[in-house]
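All values below come from the heavy atoms of this structure, side chains included, with hydrogens, waters and symmetry mates left out. Atoms within a ligand are numbered from 1 in the order they appear, just like the ligands themselves.
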Amino acid sequence: MGFFEDLGRKVGEFTHEAKRAADEEAEYPCESCGERFYADREVCQECGGGDVVPLE
Ligand SMILES: [Zn+2]
């Protein structure tokens, strides 16, 4: 395996891991559209709905 192939694979793995971690930390989903946020907010930035509730 060449250096750049190996590097590309590692970057891909890192991106996958980072995305999964981000999903797990976004614990405030909007019940209207399913968008998830990192902090509690009264109004969803995505759909403007007021149904953003923290996960149990
Ligand atoms: Zn929403």
Side-chain angles (χ1 to χ4, degrees):
M1 181 179 290
F3 173 75
F4 288 107
E5 289 175 27
D6 190 40
L7 182 66
R9 192 168 60 87
K10 283 190 165 55
V11 170
E13 288 174 0
F14 174 77
T15 303
H16 180 74
E17 288 293 312
K19 186 177 189 321
R20 195 174 66 184
D23 284 344
E24 288 175 358
E25 290 175 12
E27 297 182 331
Y28 298 90
C30 171
E31 291 193 332
S32 295
C33 70
E35 186 67 24
R36 293 171 73 163
F37 302 100
Y38 296 96
D40 198 3
R41 57 185 71 236
E42 295 188 4
V43 178
C44 173
Q45 286 183 327
E46 191 68 21
C47 70
D51 297 321
V52 181
V53 292
L55 293 176
E56 298 276 327

Let's go through Ser32 and Cys44 carefully: what are the C-alpha distance in whole Å and the side-chain angles of both, what is the deciding distance for side chain to side chain contact (heavy atoms under 4.5 Å, CB included) to 0.1 Å, and is it a yes or a no?
CA-CA 9 Å; Ser32 295; Cys44 173; over 6 Å; no
Taking every heavy atom of Val52 against every heavy atom of Val43, the minimum-distance pair comes out as CG2-C, 4.3 Å
Non-hydrogen atoms of Leu55 and Arg36 that approach each other most closely:
CD1-NH2, 3.6 Å
Sort by chain and number the protein N/O/S atoms that are closer than 2.8 Å to the Zn ion (ligand 1), and list them.
Cys30 SG, Cys33 SG, Cys44 SG, Cys47 SG
Interatomic distance, CZ@Phe37 vs CD@Glu27, rounded to 0.5 Å, equals 14.5 Å
Charged N to carboxylate O below 4.0 Å: is that the case for Glu5 and Arg9?
no
